Amino acid sequence: MRTVVFPGSFDPFHNGHLEVVERAASLFDEVVVAALRNPQKSDPLFTLEERQEMIRESVTHLQSVTITAVTKLLVDVARDVGAHAIVKGLRAVSDFENELQMAQMNRQLSGVETIFIPTSSRSSFIASRLLREVARFGGDVSSFVPVPVAARLVKQFRE
Ligand code: PNS
């Protein structure tokens, strides 16, 4: 049984993330999506529990996918769930430098490998930061996020 962990802050989870989950699920027996704290990003829009719930509602069509949301080191999550590798999506060269550094650090810390899946051009411009900004000012982001996430974004900024 080959298990991989797909980590991210997922604030919010979007179609680019979903694409990576679907492709990882086609390659591995089990995919654990881990919503984690990114200490570089303060003041999240959604709580970890809300993010976990939105991801769960967005991947109901994928039987081999489970979701966790914790405040821990990624390498500890990978060990806890028995992951053979970490999976990350790469949108553009600009993602690469930071992702390479994290992959190298995680391998030094625990020996776990990181596998990169390049996102399709259809998703490569989608970023949670932009979605939060567009949604905050009333823009329509429904074509960039799963339906459950679109509903939560509308609710979040209406209240
Ligand atoms: O979606 P993001 O914000 O790019 O994801 C970054 C994330 C959450 C994967 C990264 O910040 C992370 O691994 N956080 C958990 C804490 C940790 O292990 N930090 C060391 C990274 S080398």
Side-chain angles (χ1 to χ4, degrees), residues 2-25 27-28 30-59 62 65-136 141 143-146 148-150 152-153 156:
R2 305 302 281 179
T3 300
V4 290
V5 60
F6 173 44
S9 36
F10 305 127
D11 188 34
F13 187 78
H14 57 61
N15 289 346
H17 297 135
L18 182 58
E19 183 197 335
V20 175
V21 178
E22 286 172 341
R23 287 168 61 189
L27 292 169
F28 299 98
E30 188 186 6
V31 180
V32 180
V33 181
L36 303 177
R37 267 210 59 217
N38 181 343
Q40 319 291 332
K41 299 177 182 170
S42 56
D43 211 12
L45 179 61
F46 293 105
T47 65
L48 274 182
E49 292 70 29
E50 288 171 327
R51 286 179 253 165
Q52 180 175 23
E53 195 49 38
M54 279 187 278
I55 299 167
R56 196 191 314 286
E57 291 167 3
S58 303
V59 299
L62 299 166
V65 176
T66 56
I67 302 103
T68 184
V70 282
T71 303
K72 271 189 183 179
L73 274 182
L74 171 55
V75 290
D76 290 337
V77 179
R79 187 202 52 224
D80 292 351
V81 303
H84 293 87
I86 295 164
V87 164
K88 288 288 201 88
L90 272 188
R91 289 169 298 195
V93 176
S94 51
D95 282 343
F96 186 70
E97 200 172 337
N98 188 31
E99 292 296 346
L100 178 66
Q101 209 175 14
M102 287 195 282
Q104 289 168 330
M105 175 59 84
N106 287 327
R107 186 152 184 274
Q108 282 299 313
L109 288 173
S110 73
V112 69
E113 297 284 2
T114 298
I115 296 165
F116 293 112
I117 294 183
T119 57
S120 64
S121 53
R122 184 163 38 88
S123 309
S124 60
F125 65 94
I126 308 175
S128 299
R129 175 181 56 82
L130 291 180
L131 297 177
R132 290 194 300 273
E133 192 171 314
V134 173
R136 184 181 302 278
V141 296
S143 56
F144 311 124
V145 294
V149 177
R152 292 271 194 146
L153 277 168
Q156 187 79 11

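Values in this document were obtained by computation on a predicted structure and should not be read as measured data. Counting starts at 1 for both ligands and their atoms, in listed order.
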A.B. asks: Is any side-chain heavy atom of L45 closer than 4.5 Å to one of L153?
C.D. replies: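 Answer yes - side chains close enough.
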
A.B. asks: Could any protein non-hydrogen atom be found less than 4.0 Å from atom 7 (C) of ligand 1?
C.D. replies: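 Flag for atom 7 (C) of ligand 1 set to false, no protein heavy atom closer than 4.0 Å.
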
A.B. asks: Applying a heavy-atom cut-off of 4.0 Å, say which part of Q40 lies close to ligand 1: side chain, backbone, both or neither.
C.D. replies: neither

A.B. asks: Taking side chain as C-beta onward, heavy atoms only, is V59 less than 4.5 Å from L18?
C.D. replies: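 V59 reaches L18 side chain to side chain.
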
A.B. asks: Answer side chain, backbone, both or neither: which part of N106 comes under 4.0 Å from ligand 1, heavy atoms only.
C.D. replies: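 Side chain only; the backbone of N106 stays clear of ligand 1.
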
A.B. asks: Within a strict 4.5 Å, meaning less than it, do heavy atoms of the F6 and H17 side chains meet?
C.D. replies: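 In contact.
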
A.B. asks: Testing V77, V4, V5 one by one against I86 for a side-chain contact (heavy atoms from CB on, under 4.5 Å), which residue passes?
C.D. replies: V5

A.B. asks: So which heavy atom in the protein is nearest atom 20 (C) of ligand 1, and how far is it from that ligand atom?
C.D. replies: L73 CD2, 4.1 Å

A.B. asks: Is there side-chain contact between S9 and L36, with at least one heavy-atom pair below 4.5 Å?
C.D. replies: no

A.B. asks: As a check for students: among G89, P7, S9, identify the option with a heavy atom nearest to atom 2 (P) of ligand 1.
C.D. replies: S9

A.B. asks: Counting non-hydrogen protein atoms only, what is the nearest one to atom 10 (C) of ligand 1? Give residue, atom name and distance.
C.D. replies: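 Going by distance alone, atom 10 (C) of ligand 1 is nearest to M102 SD, 4.2 Å.
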
A.B. asks: Run the numbers for me: atoms of ligand 1, each under 4.0 Å from some heavy atom of G8, listed by number.
C.D. replies: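 Taking each heavy atom of G8 in turn, ligand 1 has 1 (O), 5 (O), 8 (C) under 4.0 Å.
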
A.B. asks: How far apart are the closest heavy atoms of L131 and H14, and which atoms are they?
C.D. replies: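 For L131 versus H14, the nearest heavy atoms are CD1-CB, 3.4 Å.
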
A.B. asks: Please determine whether a side-chain nitrogen of the Lys or Arg among K72 and D80 lies less than 4.0 Å from a carboxylate oxygen of the Asp or Glu.
C.D. replies: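 A salt bridge is present here (some side-chain N lies under 4.0 Å from a carboxylate O).
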
A.B. asks: Using a 3.5 Å cut-off on N or O atoms only, is K72 in polar contact with ligand 1?
C.D. replies: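 The answer is no, given that K72 and ligand 1 share no N or O pair closer than 3.5 Å.
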
A.B. asks: If we only count N/O pairs under 3.5 Å, is L74 in contact with ligand 1?
C.D. replies: yes

A.B. asks: Can you sort out which atoms of ligand 1 are near M105, meaning under 4.0 Å from one of its heavy atoms?
C.D. replies: 22 (S)

A.B. asks: How far is atom 14 (N) of ligand 1 from its nearest protein heavy atom, and which residue and atom is that?
C.D. replies: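 Closest protein heavy atom to atom 14 (N) of ligand 1: R37 O, 3.1 Å.
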
A.B. asks: Which atoms of ligand 1 sit under 4.0 Å from any heavy atom of N38?
C.D. replies: 2 (P), 3 (O), 6 (C), 11 (O)

A.B. asks: When you compare the side chain of T114 with that of M102, does any pair of heavy atoms fall below 4.5 Å?
C.D. replies: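 Side chain of M102 against side chain of T114, heavy atoms only: no contact under 4.5 Å found.
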
A.B. asks: Hey, are the side chains of I115 and F28 touching, using non-hydrogen atoms and a 4.5 Å cut-off?
C.D. replies: yes

A.B. asks: With heavy-atom distances below 4.0 Å as the criterion, list the atoms of ligand 1 near K41.
C.D. replies: 2 (P), 3 (O), 4 (O)

